[in-house]
Amino acid sequence: MQTLSLSDSLSEDRTTVNRDPFLVVDRVSKVYPTPRGPYSVLENINLTVYEGEFICVIGHSGCGKSTLLNMVAGFNRPTTGEICLKSKPITKPGPDRMVVFQNYSLLPWMTAFENIYLAVKNVYPEKSKAEKTKIVMEHLDMVGLADAANKKPKQLSGGMKQRVCIARALSIRPEILILDEPFGALDILTREELQEELLKIWQEHRVTVLMITHDIDEAIFLSDRIVMMTNGPAAEIGEIVEVPFPRPRDRALIGEDPRYFTLRNQALDFLFNRFAVDDH
Amino acid sequence: MTVRPISNRSPLEALKAQLSSWVASVFKDPSYIVLPIIILGACLLVWQIFSLSQGKNGLPGPIQVISDTKQLILNPWYENSANDKGLGWHILTSLGRVGIGYGLAATLGTVIGILIGTNVMLYRGFDPIFQVLRTVAPLAWLPISQLVFGKAEPSAIFLIFITSIWPIIINTSVGVQQVPQDYKNVAKVLQLPRLEYFWRILLPSAAPYIFTGLRISVGLSWLAIVAAEMITGGVGIGSFIWDSYNSGNISEVIIAMVYIGVVGLILDKIVFYIGKFAVQSES
């Protein structure tokens, strides 16, 4: 039996992570027919995500990150190629691939509790009301909003609304959590707070995460691997870099690690020098 | 006592809060009451001067109107004969017709609006027809209405129905079409069953539009009934005006106009506040 030393238990134990391909994007392209001829948004995207990984996708605005995410979520179908979750092709949206949208999309006529309850109710119809209530309250508590349960979204700040969305997404135990620039609309202080909270929750539940962001520091802090996309049209995956820092991640410590700057410069170089957006 | 946020209040509490905030605003800033009174006084003065210049057989001034109709104002509930009743009865009868016609229009209009709003083919088929029909003046429907229904009462109610249904249909269909894509995406990801999507997302999202349509329609209904009753006769504020006009009682016509205006305002406010409480949670 393997005895774990203290440093082993603190760092991510990669050897026990399931190495079967969990989410496979296989030779996917997305082409839209337009009056001026077919417009290729994405071309030849190949990506394998393993269970429990935290993946960030970064790239310039308009490079097709959201299109890729929408296909994983099931809102769009690829023009060619296939996306499979646990070897089953993705054809439509479902609660196994829960999305946290940039614009929160909380229903404004329902309280925070009711919003999450709606999700839990539809994914776990067989559970009793008491069980479902417990799940909702647990997850509200997890994001620190137990006393905001009966508030409507307009009474909540942006950060609080996004926390409710994260609680809603996690409450239905999706296979993969999809986040589309979830913290983009928030100020930097709230953003950093929520990043820490997201990581803390993720450590406990290890759901697979696919997240879009345009913030390199956020990507480095949060993810195991960063997928860097080239520019559109016909965007592809340019590079995938591994983030070497052990978990749990300490923002201050990482910031002082020389590898942080190498990584950051590598990403910046990719985005701004090799694949800078042309100024027409 | 802690102040609870508006959306957590019951309708009665919200009503009381609204009334007390009105009263408070009057005391805080009397111009809300004083200014309309001043302007009203000025208008009455202009009217009085104008009528004095008209002479005995012209437009009566406000003073004469009041003195002529004193009995009518003080006895709204008298009943002398089938058609000679107090103003209260006339208004109540008219409101009754509006109630039935508007109620039918509201129910059917909302249903039709939802149907054509959710189905593109139905929308393309019906919307042009509705857009044409809704511009037809209420009274123009009266000949057809009387032909089909024969009797005065149902044809008046049909008139209200056909006048007030169009804004409800159109506003409802727009509201249904304007459900934000984000909410639709949430429904898709959660794989909400259609009935649940309808009650939990579609209707609450479209509610402000629906109530706007309802509010416009109640005004149109009230307009239509007065015109209709002038022609159909019987008991009703419109027929009262027509009878008074025919007997040369212009003062009675004027006082009836004032009553009509006030009741119309009250109807509008009622629908407005019902809408406000129903969609108080909308951001």
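When reading the values below, keep in mind they use all heavy atoms of this one structure, side chains included, and skip hydrogens, waters and symmetry mates. Residue numbering restarts at 1 for every chain, and letters A, B, ... go by the order of the sequence lines.
The main-chain N or O of B:Leu202 is never found under 3.5 Å from a side-chain atom of B:Ser205 such that the two would form a donor-acceptor pair. Checking side-chain atoms of B:Gln191 against main-chain N and O of A:Pro93 turns up a donor-acceptor pair under 3.5 Å.
A:Asp141 meets the side-chain hydrogen bond (donor to acceptor under 3.5 Å, both in side chains) test with no other residue; sequence neighbours excluded.
For chain B, the nearby part of A:Arg97 is the backbone; its heavy atoms alone come within less than 4.5 Å. The contact between A:Leu106 and chain B is made entirely by backbone atoms, counting heavy-atom distances below 4.5 Å. Heavy atoms closer than 4.5 Å to chain A are found in the side chain of B:Glu196, but not in its backbone.
Residue with the most contacts toward chain B among A:Gly74, A:Ala119, A:Ala73: A:Ala119 (heavy-atom pairs, distance under 4.5 Å).
Pairs of residues two or more places apart, or lying in two chains, that qualify as ring-ring contact (aromatic ring centres under 6.0 Å, His included) and include a residue from residues 100-127 of chain B are B:Phe126-B:Phe130.
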